[in-house]
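Here the structure is laid out as structure tokens; the discussion comes afterwards.
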Amino acid sequence: MTGEQPSSHRDAAFEREALALLPDVARYAKSLTRDESEADDLVQDTFMMAYQAWDQYTPGTECRAWLFTICRRRFLRVRRTAERNIPTEDADLEALAAADLHRHARAEGLDHVFERSEMRAAVEKAMASLPEAFRDVAVLVDLHDHSYESAAAILGVPLGTVRSRLFRARRILQEQLLAFAQDAGYGVQRTAGGLQ
């Protein structure tokens, strides 16, 4: 792993080593998704994550394999998330899922990842990907500081619905952001001898 590089040197190195491989990554993403639009999103995510984790890449090593690893992990993570995101209003199930996610984040050394400034783009993307019913509640309460009662009135739904949707939205966001952080290489670094 290299130290912090000046921005212009870092950008030039990224362009030279990573962006030169864009066609290869695009073909690989297309083979994974079998859909042009999904492949485009996957390529964009891959390069955004690679850029944000560029300081963890060792210059001169196999950049193509590194990018393909990021691409594949992201693809699998998105698929698993889509399969698990079945809407539910069961508060007990949601609470159990949230507790399990928190435990997993702590074990991976990701419990403070949301404090990182480079997570902003990932937060915006995760918020945009929420199902509309969940996004509406999260935007009103978490972004615009409406009370639960105010959000319920604006959306024309019961207060309990606002609470359950907000809980679900926050869990989905947490899951996506922790997945992004893991794929980008934040958290616990494992080596052959254990933790770093």
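The nearest pair of heavy atoms linking C63 to A18 is SG-CA, 3.8 Å. The two residues R16 and A20 make their nearest non-hydrogen contact at O-CB, 3.4 Å. Looking at every heavy atom in both residues, P59 comes nearest to Y57 through CD-O, 3.3 Å. Closest of all the heavy-atom pairs between S147 and V141 is O-CG2, 4.4 Å.
When side chains are defined from C-beta on, E15 does not count as touching D11, because their heavy atoms never get closer than 4.5 Å. Side chains of V25 and I70 form no contact here, defined as non-hydrogen atoms less than 4.5 Å apart. Using a 4.5 Å heavy-atom cutoff, the side chains of H146 and V162 are not in contact.
Under the rule for a salt bridge (charged side-chain N to carboxylate O under 4.0 Å, His left out), R163 has no partner lying at least two apart in sequence or in another chain. Every residue two or more places apart in sequence or in another chain that forms a salt bridge (charged side-chain N to carboxylate O under 4.0 Å, His left out) with E38 is listed here: R79. Partners of S129 by side chain to side chain contact (heavy atoms under 4.5 Å, CB included), not counting sequence neighbours, listed by chain and number: Q176. Shown here are the side chain to side chain contact (heavy atoms under 4.5 Å, CB included) partners of T69, two or more places apart in sequence or in another chain: R73. Residues satisfying the salt bridge (charged side-chain N to carboxylate O under 4.0 Å, His left out) criterion with R27, sequence neighbours excluded, are D24. Considering only residues two or more places apart in sequence or on other chains, D35 meets the salt bridge (charged side-chain N to carboxylate O under 4.0 Å, His left out) condition with none of them.
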Give every donor-acceptor pair under 3.5 Å between a side-chain atom in residues 43-50 and any protein atom, sequence neighbours left out.
residue	atom	partner	partner atom	Å
D45	OD1	K125	NZ	3.1
D45	OD2	R74	NE	3.3
T46	OG1	L42	O	2.7

Using atom types as modelled, flag every donor-acceptor pair under 3.5 Å from a side chain in residues 130-138 to any protein atom, sequence neighbours excluded.
residue	atom	partner	partner atom	Å
R135	NH1	A128	O	3.2
R135	NH1	L130	O	2.7

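Within 6.0 Å of CZ in R72 there are 12 or fewer heavy atoms belonging to other residues, nucleotides or ligands.
Pairs of residues two or more places apart, or lying in two chains, that qualify as ring-ring contact (aromatic ring centres under 6.0 Å, His included) and include a residue from residues 14-38 are F14-Y51, F14-W54, Y28-F68.
Atom-to-atom distance recorded for L159:CG and S150:OG is 11.0 Å, nearest 0.5 angstrom. E17 CD to E62 CD: the interatomic distance, rounded to the nearest 0.5 Å, is 10.0 Å. Here L140 contributes atom CG and L166 contributes atom CG; the two are 10.0 Å apart, rounded to the nearest 0.5 Å. Taken from CZ in R170 to CG in D142, the straight-line distance is 4.0 Å, to the nearest 0.5 Å. Here the straight-line distance linking atom OG1 of T161 with atom CZ of R168 works out to 14.5 Å at 0.5 Å rounding.
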